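The shown structure was predicted, so the numbers you read here are calculated from the model rather than taken from an experiment.
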Amino acid sequence: MDRIFSGFLLSLLLLLQSYEVYGAPQQPRGTLCRTKPTDLVFVIDSSRSVRPHEFEKVKVFMSRVIEGLDVGPNSTRVGVINYASAVKNEFSLKTYQTKAGLLQAVQRIEPLSTGTMTGLAIQFAINRAFSDSEGARVRSPNINKVAIVVTDGRPQDSVQDVPARAKAAGVEIFAIGVGRVDMNILRRIASEPLDDHVDYVESYSVIEKLTHKFQEAFCVVSDLCATGDHDCEQICTSIPGSYKCSCKEGFTLNSDGKTCSACNGGPGSALDLVFLIDGSKSVRPENFELVKKFINQIVESLEVSDKQAQVGLVQYSSSVRQEFPLGQYKNKKDIKAAVKKMTYMEKGTMTGQALKYLIDSSFSVINGARPGVPKVGIVFTDGRSQDYITDAAKKAKDLGFRMFAVGVGNAVEDELREIASEPVAEHYFYTADFRTISKIGKKLQMKICIEEDPCECKSIVKFQTKVEDLVKSLQRKLEAVAKRIEALENKII
């Protein structure tokens, strides 16, 4: 009997492990993507404007990209060109055939510390580095030929014909600019479409944050669900070359085919939402316009009214300015119009002071907040705070405010995590480039709703009922087996 009962418990345990919270079988883990065979050449500026410690950051960036590649003679080959007033071929595509060898070679590279002959370096890459004699493979649709150019200054020579020569040679050029680089020069260097091939970072200290972009650029996706390259809010199921989304029990798939709604919950529920927007001088006017589009992207997903969502907007720099309080505008159209009219403050970055204003004023009844309605704050910043944020960030969360932190460019990730509510991974977002904040907007649209799920109890009760029925069925079978054993024992006696 003890053996049978132990077997029963083991069977029940295995059965329970085969279910998730909502009774659905666990999804099998997919196969992570591999990188497409690529001839990759880094073209790295080490002119005198690049300080030694900054050049070390470039080497870290190269190493991180290499770590994400499938390196080998039949997969990805890597070369590095170092340039200043002259061009130095550090190593060619045929020199190293292992990842370890490449990483060691990158660490040995030293800056040249003279002028900036960017045109000459790219011409060398196209004519020499991608030649058969240097280890490049025959031009083929199955092999990418990519140059990643990193520069922080204006070239001392011409780059006028670079895109045409690169295109003729089948070479795709990504241009990364740092600091005071001339953006027009980057656009002249890069391949089309420019939005995908031009990147800018404020300083070398954040260049390694572009690593993920290039790992994705070289990736051949075999399972979009496994790699996370999908927009499904809850369940992702891979199909050949694509995926489809579905929802857990108690939720329904929305018309966008990606997000899920819990019965009558979701974006239509009552909500007080305040945006806290960084208007410091480092944002720049053109990027501030992108931030305004980001705000309106989220507003568009809400049902705005006295009984549903209310939106407030605060801009901060060296001081804090309330653009409009909660409830001032009663519909999306008026809110979006007010956001578009917002002017850029262009001073410092007092994030702590802004958080304190959010706590003391934005969510107060006098400024339109409604008692008992969930409070959500979205903090957007592009740099390190010039004041202390810890106490205000903690108090906001202690008061029950749900805080999202969005960082761009030079934003400090430790500060973003400190602002974000638990679980931090679901409330904190970062991108190196302002042009990609719309992707963060899409993710936030899915998350900004009340957390209470009117269907959750029904789902749990339904699951518990299933388990209880199953246990009763197993108990009946167990009793039948016990009677059989007893009958056999009686016959033997």
Side-chain angles (χ1 to χ4, degrees), residues 27-44 57-82 89-109 122 125-126 128-150 166 169-176 190-191 196-197 199 207-230 236 238-243 431-433 436:
Q27 298 292 322
R29 293 187 64 178
T31 304
L32 294 178
C33 70
R34 296 180 64 81
T35 54
K36 182 177 180 179
T38 303
D39 288 345
L40 169 63
V41 175
F42 290 95
V43 183
I44 305 301
K57 294 290 186 181
V58 178
K59 287 159 63 174
V60 170
F61 164 71
M62 288 192 289
S63 297
R64 294 278 173 85
V65 173
I66 291 168
E67 285 170 357
L69 301 174
D70 298 318
V71 175
N74 297 319
S75 47
T76 295
R77 304 177 185 182
V78 179
V80 174
I81 293 171
N82 186 9
N89 189 18
E90 295 288 351
F91 53 86
S92 66
L93 292 168
K94 66 181 180 181
T95 308
Y96 298 102
Q97 298 185 354
T98 67
K99 193 177 296 187
L102 283 170
L103 294 173
Q104 291 171 7
V106 167
Q107 291 307 308
R108 292 193 292 267
I109 299 174
I122 298 174
I126 295 170
R128 177 79 180 274
F130 286 104
S131 66
D132 295 345
S133 62
E134 294 297 311
R137 286 163 284 192
V138 176
R139 188 171 175 178
S140 164
N142 298 320
I143 298 175
N144 292 333
K145 292 186 180 295
V146 176
I148 299 178
V149 181
V150 180
V171 176
E172 183 180 12
I173 297 182
F174 291 88
I176 300 175
S191 299
D196 294 336
H197 291 84
D199 288 284
I207 190 172
E208 65 185 83
K209 292 176 180 177
L210 292 175
T211 302
H212 183 63
K213 169 187 171 170
F214 289 100
Q215 289 175 339
E216 284 187 343
F218 302 135
C219 183
V220 178
V221 178
S222 57
D223 188 335
L224 291 167
C225 294
T227 60
D229 192 15
H230 63 84
C236 176
S238 290
I239 58 177
S242 187
Y243 64 91
T431 178
D433 192 340
T436 63

Any donor-acceptor pair under 3.5 Å linking the side chain of [X] with the backbone of [Y]?
X      : Y      : answer
Ser191 : Ile173 : yes
Lys99  : Glu67  : yes
Arg77  : Val41  : no
Ser75  : Asp70  : yes

What closest approach, in Å, do [X] and [Y] show between heavy atoms, and which atom pair accounts for it?
X      : Y      : value
Phe91  : Ala105 : CE2-CB, 3.6 Å
Ile207 : Phe61  : O-CD1, 3.6 Å
Ile81  : Ala129 : CD1-CB, 3.8 Å
Ile176 : Ile148 : CD1-CG2, 3.9 Å
Leu93  : Gly79  : CD2-N, 3.6 Å
Val106 : Ser63  : CG1-OG, 3.6 Å

Value rounded to 0.5 Å, distance of [atom1] in [X] from [atom2] in [Y]:
X      : Y      : atom1 : atom2 : value
Leu40  : Asn144 : CG    : CG    : 9.5 Å
Glu90  : Phe42  : CD    : CZ    : 13.0 Å
Glu208 : Lys59  : CD    : NZ    : 14.0 Å
Leu102 : Leu69  : CG    : CG    : 9.0 Å
Asp199 : Lys213 : CG    : NZ    : 3.0 Å
Lys145 : Arg139 : NZ    : CZ    : 9.0 Å

If you count every heavy atom of other residues, nucleotides or ligands that lies below 6.0 Å from Lys57 atom NZ, does the total exceed 12?
no
Might you work through the side chain to side chain contact (heavy atoms under 4.5 Å, CB included) test for Met62 and Ile109, ending with a clear yes or no?
CA-CA 11 Å; Met62 288 192 289; Ile109 299 174; 4.3 Å; yes
